[in-house]
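Structure first, commentary second.
Since this is a predicted model, take the numbers as computed values, not measurements. First listed ligand is number 1; within each ligand, the first listed atom is number 1.
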Amino acid sequence: MVILSPSILAADFAQLGQNIREAEEAGADYIHFDVMDGMFVPNISFGLPVLKSVRRITDLPLDVHLMIEEPVRFLKGFKEAGADIVTVHEEACQDIVGTVMTIRDLGMQAGVAVKPDTEISVLEPLLGKVKMFLVMTVEPGFGGQKLIAKCVDKVKELRRILNAKDLRTDIEVDGGLTRENVRTVLDAGANVIVMGSSVFKGNIRENVAFFKDVFKEYN
Ligand code: DX5
Ligand code: ZN
């Protein structure tokens, strides 16, 4: 099943509750929550207090993407704020396996992300240990960028590796996905689709309905 995870980084923060409600009512499956620390990525977004407020207004799984250095320091806080899935960057953790185990021990689902220039082979020690891998399709840090084509090949490579091991791990893609290019990542084997601008710019309900309709071809 293909999952739509709208990234609220592209929402209107003055209308955040309303924006999320519209996405949810139109059929969004998760809410993607981008946390940036100004260190791991050259931008700052939002954090725990905002997550806590979002938790109060939706029952959808909160898909938290931590673009922060040594996220292990904050995992308990994210659990308490209501995160369901926590994805950490392989590049940001000294002990990636230990960090994943901490996420799981706290009762959350674990994901591991890689930036466009990070090889898929670094994920080898994590096979079978995570719910999801996130293959970034832009350099993390900003919404509204253009998809980097070579990242689609990484999705294909990862799906091949997972299939060969009979693993049903989710592959999430994030960044630069649009009505025009979403089929390329689906064809490559991604099944959790993050979209910021393509959902929250323009008519949210219409955008969600459009993508859910495309996903039906893949279910
Ligand atoms: C980028 C974030 C993305 C971002 C995607 O670092 O991880 O989730 O919101 O935005 P779009 O879909 O506009 O590229
Ligand atoms: Zn993200």
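- With salt bridges taken as basic N to acidic carboxylate O contacts below 4.0 Å, none links D187 and K156.
- K154 contributes atom NZ, which lies 15.0 Å from atom CZ of R159 (distance to the nearest 0.5 angstrom).
- Side chains of H65 and D63: no donor on one and acceptor on the other come within 3.5 Å.
- The local environment of CD in Q18 is crowded, with over 12 non-hydrogen atoms from other residues, nucleotides or ligands closer than 6.0 Å.
- Counting non-hydrogen atoms of other residues, nucleotides and ligands closer than 6.0 Å to CD of E217 gives a total above 12.
- With rounding to the nearest 0.5 Å, the separation of CG in L66 from CG in D37 is 9.5 Å.
- Protein N/O/S atoms closer than 2.8 Å to the Zn ion (ligand 2): H32 NE2, D34 OD1, H65 ND1, D174 OD2.
- Side-chain atoms of T102 and D105 form no donor-acceptor pair, as typed in the model, at a separation below 3.5 Å.
- Within 4.0 Å of ligand 1, counting heavy atoms only, the contacting residues are S7, L9, H32, D34, M36, H65, M67, M136, P140, G141, F142, G143, G144, D174, G175, G176, V194, M195, G196, S197.
- Few gaps surround CZ on R73; more than 12 heavy atoms of other groups in view lie less than 6.0 Å from it.
- For N19 and D12, the side-chain atoms include no donor-acceptor pair closer than 3.5 Å.
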